[in-house]
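Proteins get letters first, then strands, A, B, ... in listed order; numbering begins at 1 in each. Source: prediction; values computed, not measured.
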Protein chains: 2
Amino acid sequence: MNHEVAVPEAPAESLPRKRRQMLEAATALFIERGYGAVSMDVVARAAGVSKATLYAHFASKDALFATIIGEACRSNLVAAEFYPADVEDVAAALTAIGGRVLRFLVDPQRLAIFRVVISESVRFPELGAAFMENGPAAFRDRFVDWVATQTRAGRLNAEDPKLAAEQFMALLRSGIYLRASLSLPPAPTEAEIDATVNAAVGTFLKAFG
Amino acid sequence: MNHEVAVPEAPAESLPRKRRQMLEAATALFIERGYGAVSMDVVARAAGVSKATLYAHFASKDALFATIIGEACRSNLVAAEFYPADVEDVAAALTAIGGRVLRFLVDPQRLAIFRVVISESVRFPELGAAFMENGPAAFRDRFVDWVATQTRAGRLNAEDPKLAAEQFMALLRSGIYLRASLSLPPAPTEAEIDATVNAAVGTFLKAFG
DNA sequence: GTCTATAGGCCGATAGAC
DNA sequence: GTCTATCGGCCTATAGAC
């Protein structure tokens, strides 16, 4: 088995029909069941192609897996409009950002991706790196800038914006997130999510407000 | 495949020699490689027994896995002597507790158990429950009591001790823990661990001191 | 490029001797 | 209880026709 499989840098565009079918089927299956529980037979059947066709496009199961999960690690939490420099109420802004992030984190599909990445990161080191780079680190870098901006504007007081940003992200993961990660019912309710975000904002502002 | 496999409540004592060999070999293998990557042939060979003997003791691979990982989820972080009621310096006490917890969390073997549990929790729901109950929840319950005690003594000011305890645990997992969970080098250094604990204690005390 | 068919191996689990 | 030997199935990957 060859584990030196690169994770592609950017998503492909306007793929041929069959290739798109294979990627979509494999993405759903790998995210739902993980690496070991998905066979190339099942991927091929779900995509409506033969196994030989699958192997014509992807050199191995490893390559297919790394391609797909690496792509699935990308998030949409870094769009600039989520982090306005001028805010009237910093608590409300933090609550909005935190709510967006935590709802993203506890989304069942995102949790499934997280489970797959964390469990295969030992065998596919580039997977953990791609996840970190495109997910948590990308968000953190954007959020660090926002915290620094608010500190310069006198609305926050974070000596070390990077530390403050990491701690805010950590506070969002308190309580319900671990339970959701471990697939434990009940699923987080909207009320729980809001309460967790509000508590995180409260503690963050006592420390850095 | 039968997924309704119970996780045992207590560790067995004075096991027959071969049974102990099987349990030890299987524990190491499952923790290191996960469920899918370990075969019963390999377990039997590592334990120095035949596969038939393995199946004489454990009804299926599922049963063996649930037995072993459920047992491995137990932690030793709840011993009463770690949480003295009378403390001179609450910051120092928090730092001691936090250091113990975070060093426990980033220990390579514990991280490996966490990876296995989180990835198999979908297929083995009782595994996630056993992990939560014997690990994070057991520690949290003990720590909640300590926070409540310190609040009554006037050394902390936590209106909601459970929330405060959850947030302290979350703050400990900020920064280095996610990186370590994803198997990303470099491994956390002692200095990083201490800095993370100190930062968690600082933020916690600003909010609840 | 895409198919059918299959090679070759490892899997979980069991039969039967002792 | 423990062993050797093996079953039937599914796995990754490929050969060869079109």
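Aromatic ring centres of A/F58 and A/F65: separated by at least 6.0 Å.
For A/A56, the listed nucleotide lying nearest its side chain is C/dT2; candidates were C/dT14, C/dT2, D/dT2. Comparing D/dT2, C/dT14, D/dA15 by their nearest atom to the side chain of A/A52 picks out D/dA15. In the set C/dA13, D/dT12, D/dA13, the nucleotide with an atom closest to the side chain of A/S60 is D/dA13. For B/S50, counting side-chain heavy atoms from C-beta on, the closest listed nucleotide (D/dC11, C/dG12, D/dC3) is D/dC3.
Here B/Y55 does not reach the OP1 or OP2 of C/dT14: none of its side-chain N or O atoms lies under 4.0 Å away. Considering only side-chain N and O atoms, B/T53 lies nowhere under 4.0 angstrom from the phosphate OP1 or OP2 of D/dG1.
Atom CZ of B/R17 is separated from atom C1' of D/dG1 by 12 Å (rounded to the nearest Å). For the pair B/L54 CG and D/dG1 P, the interatomic distance rounds to 14 Å; values are reported in whole Å. Atom CG of A/D41 and atom P of D/dT12 are 6 Å apart (whole Å). Atom CE in B/M40 sits roughly 20 Å away from atom P in D/dA5 (whole-Å rounding). The separation between A/K18 atom NZ and C/dT2 atom P is 6 Å, rounded to whole Å. Note: CZ (A/R33) to P (D/dC11) measures 11 Å, nearest angstrom. Distance B/F58 CZ to D/dG1 P: 12 Å, rounded to the nearest Å. Rounding to whole angstrom units, NE2 of residue A/H57 and P of C/dT2 are separated by 5 Å.
Mapped onto DNA chain D by nearest heavy atom, A/K61 and B/G48 fall at different nucleotides, with B/G48 at the one closer to the 5' end. For B/V49 and A/A59, each mapped to the nucleotide of DNA chain D holding its nearest heavy atom, the one lying further toward the 5' end belongs to B/V49.
B/V42 comes within 4.0 angstrom of no nucleic acid atom, judged by non-hydrogen atoms across all strands. Heavy atoms of A/V38 sit under 4.0 angstrom from primed sugar atoms or phosphate atoms, though from no base atom.
Side-chain contact annotation: B/Q167 with A/S174, donor-acceptor N/O pair under 3.5 Å absent.
Relative to the six-membered ring of A/F104, A/R110 misses at least one condition, a distance below 6.0 Å or an angle of at most 45° to the axis.
A salt bridge is absent between A/R115 and B/E120; no separation between the charged side-chain nitrogens and carboxylate oxygens falls under 4.0 Å. Using a 4.0 Å cut-off between charged nitrogen and carboxylate oxygen, A/K162 and A/E166 do not count as a salt-bridge pair.
A donor and an acceptor atom sit less than 3.5 Å apart, one in the side chain of A/K51 and one in the base of D/dT12.
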